[in-house]
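Taking it in order: structure first as structure tokens, then the write-up.
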Amino acid sequence: MPTCRICQSQFEPFISFGKMPIANGFLAPEQFDREYFFELAVGFCPTCAMVQLVDQPNKEQMFHEHYAFYSSMSRHMAEHFKRVALNIMPRYFASNDPFVVEIGSNDGVLLEHCVQRGVRHVGVEPAANVAKVAQEKGVETIVEFFDEELAGRIRSEHGQADVVFSANTMLQFSYMRSVLSGIASLLKPSGVLIFEDPYLGDIIEKTSYDQMYDEHLFYFSVASVDAMVRRHGMAVIDVESLPVHGGSMRYVVAHEGALSVSSAVAAQRAKEEQLGLRDLTTYEHLRKRIEQSRNDLVTLLSRFHDEGKRVVGYGATSKSTTILNYCNIGPDLIEFISDITPIKQGKFSPGMHIPVRSYEEFIAHYPDYALLFAWNHAREIMAKENNFHRAGGRWIVHVPKVGVLAHDFVR
Ligand code: DWN
């Protein structure tokens, strides 16, 4: 039985997806025969309530100088991070010379606002290509993996931080103990760790199993995060549900007893009890819904294939890697995947090897159906696809249920 990465108890996987490639490992044909695969399985630790992968590839296989995800690709997310930088973080600045550290600063989508306002900052980003974009914006970026040793170096060079921020990164750390020890020593006595990650409650409610892939080692809840940070003398003092990335939670964590705890924390924990996040049966039911979702999607796509319809994927997301490989959907069912990220274009999707093409190819010859892999950006995407709708194009969605959206959905 696997061992929980947080409390060292044993737990059982509730679902196995089979062999999976690196979710962001878009590749060229000459790389097909040496593509890396691992077993993707997810389990729930009944002792500390942490939902987690059983195995995760080495961090260097996922994050390197050819990393394919650039945070600034979504205008909506860029606006979200601007609000965090200007409205959320300053609430916790203890002086008029605050210091901010971001873990997983990507292309500087958040810290560029600190640059513009002269706020002292350091970004930590191991993927050299995305870090370079941040550096070009003037964001001070250390191209390394964050851990306790690096936290010590940042502290000696810059002093302690008012805010340590992280979005969609805390859930990745297999060496969480070192990361949290580092954060605890880096934070001022009144400092806070603010982080946002996809929320377990949303994954369960929406059956959004596409959030499960190599980079996402943990699926957090308020209960599991609080238990995790208390091992390092910290506590969750505030939480906020966020609509981004298909349903996320923002956690504010402080040294235990240093700041007052908002009533939102107990309220969210009560909701988690109602949702059954600590009950094994919740995960058994989730597994059944995932299996049903796979059957429904394959049936729908096979029908369109038999009817001679053209189906194209929209957004070569990391999430789509789980869907495509688990459902065994290849280029026979999906002609290509359209994506605006230059580094993905001209390559092939991990595992199933569906071509990834530019957005221009999508608009040059609209398909009958577009399968919305980037469903978490639906509002932003629908708003700009009026011509696709006018041409009679329809959206296939798989979250929360597999189906084709009604024509009037976007009007
Ligand atoms: O957690 C993570 C999130 C934040 O980003 C990481 N582990 C990796 C990555 O996951 P993802 O690839 O599933 O993220 P997104 O934001 O759902 O990816 C959207 C993809 O769709 C990007 O490749 C850009 C593309 N896109 C597009 O082609 N047209 C996006 C928009 C908004 C568009 O209009």
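For ligands, and for the atoms within them, numbers begin at 1 and follow the listed sequence.
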Of all protein heavy atoms, the one nearest atom 7 (N) of ligand 1 is E215 OE1, 2.6 Å
Decide whether the shortest distance between a heavy atom of Y213 and an atom of ligand 1 is less than 4.0 Å. yes
- Task: Identify whether NZ of Lys or CZ of Arg in K188 sits under 6.0 Å from the centre of the six-membered ring of F99 and within 45° of that ring's axis.
- Result: no
Ligand 1 to G315, heavy atom cutoff 4.0 Å, flagged ligand atoms 21 (O)
min-distance protein heavy atom vs atom 26 (N) of ligand 1 -> I340 CG1, 3.8 Å
Exercise. Does NZ belonging to K82 count more than 12 external heavy atoms closer than 6.0 Å?
Worked result: no
Check whether NZ of the Lys or CZ of the Arg K319 lies under 6.0 Å from the centre of the six-membered ring of Y213 and within 45 degrees of that ring's axis.
no
Closest to atom 17 (O) of ligand 1 among protein heavy atoms sits K319 NZ, 2.6 Å
Is the positively charged end of R294 above the ring of Y326, judged by distance under 6.0 angstrom from the centroid and angle within 45° of the axis? yes
(Q) Quick check on R75 - does any of its heavy atoms sit under 4.0 Å from an atom of ligand 1? (A) no
Near N376 (heavy-atom distance under 4.0 Å), the atoms of ligand 1 are 15 (P), 16 (O), 17 (O)
Between the main-chain N or O of C114 and the side-chain N or O of R120, is there a donor-acceptor pair closer than 3.5 Å? no
A student checking ligand 1 against H377 at a 4.0 Å heavy-atom cut-off should list atoms 15 (P), 16 (O), 17 (O), 19 (C), 32 (C)
(Q) If we count only N and O atoms by modelled type, under 3.5 Å, do the side chains of S221 and S224 hold a donor and an acceptor together? (A) yes
Any heavy atom of T341 under 4.0 Å from ligand 1? The part involved is side chain
Short version for E380: what comes under 4.0 Å of ligand 1, heavy atoms counted, is side chain
the protein heavy atom lying closest to atom 10 (O) of ligand 1 turns out to be S318 OG, 3.0 Å
Original post:
Side chains of D339 and Q345: donor-acceptor distance under 3.5 Å anywhere?
Top reply: no
If you scan protein heavy atoms around atom 14 (O) of ligand 1, the nearest is F69 CE1, 3.4 Å
Worksheet entry | Heavy-atom gap Y67 to ligand 1 smaller than 4.0 Å | yes
Ligand 1 to N168, heavy atom cutoff 4.0 Å, flagged ligand atoms 1 (O), 4 (C)
- request: For ligand 1, find out whether one of its N or O atoms is nearer than 3.5 Å to an N or O atom of K344.
  value: yes
Margin query: Surrounding NZ of K206 (heavy atoms of other residues, nucleotides or ligands, distance under 6.0 Å), is the total greater than 12?
Written below: yes
How far apart are the C-alpha atoms of N295 and E291, what are their side-chain angles, what is the distance that settles it, and do they pass the side-chain hydrogen bond (donor to acceptor under 3.5 Å, both in side chains) test?
CA-CA 6 Å; N295 295 343; E291 288 163 357; over 6 Å; no
When Q211, E272, R250 are each screened for side chain to side chain donor-acceptor pair (under 3.5 Å) with Y199, the one that passes is E272
Checking heavy-atom distances from atom 1 (O) of ligand 1 to each of K384, H216, H245, E196, the winner is H216
Any side-chain to backbone donor/acceptor pair from K347 onto I343? Under 3.5 Å, distance only. yes
protein heavy-atom neighbour closest to atom 25 (C) of ligand 1 works out as D339 OD2, 3.2 Å
